[in-house]
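Quick note: residue numbers are just sequence positions, from 1.
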Amino acid sequence: MSETPRERVHAIVCDLGSLAEILDALISASEPVPVQWMHGWVKRLHTELDVAWLGIPDERRERAK
């Protein structure tokens, strides 16, 4: 069973929350932030979010704005 676009958007938002928690922990621990790793993660999530967003029917996208 494949994910619906809405489920995929939700999963991406959860990934973004995880990224924020990781960054908070790195900052709190005074550790250097791995910028290349973070850039790759954000770029991947951006691409996945674009694809998932386009999979949502037009009328539902308009209501979500």
For the residue pair Gly55 and Pro5, what are the closest heavy atoms and their distance? O-CG, 3.3 Å
Contact check, side chains of Ile22 and Trp37, non-hydrogen atoms, under 4.5 Å: yes
Separation between CG (Asp24) and CG (Leu19), nearest 0.5 Å, reads 9.5 Å
Distance col, row Asp15:CG vs Leu45:CG, nearest 0.5 angstrom, shows 5.0 Å
Given Met38, Arg44, Lys43, the one that forms side chain to side chain contact (heavy atoms under 4.5 Å, CB included) with Trp41: Arg44
Mind checking what makes salt bridge (charged side-chain N to carboxylate O under 4.0 Å, His left out) contact with Asp50, not counting sequence neighbours? none
Under 4.5 Å between side-chain heavy atoms, counting indirect links through other Ile/Leu/Val/Met/Phe/Trp/Tyr residues: same cluster for Val9 and Val51 or not? no
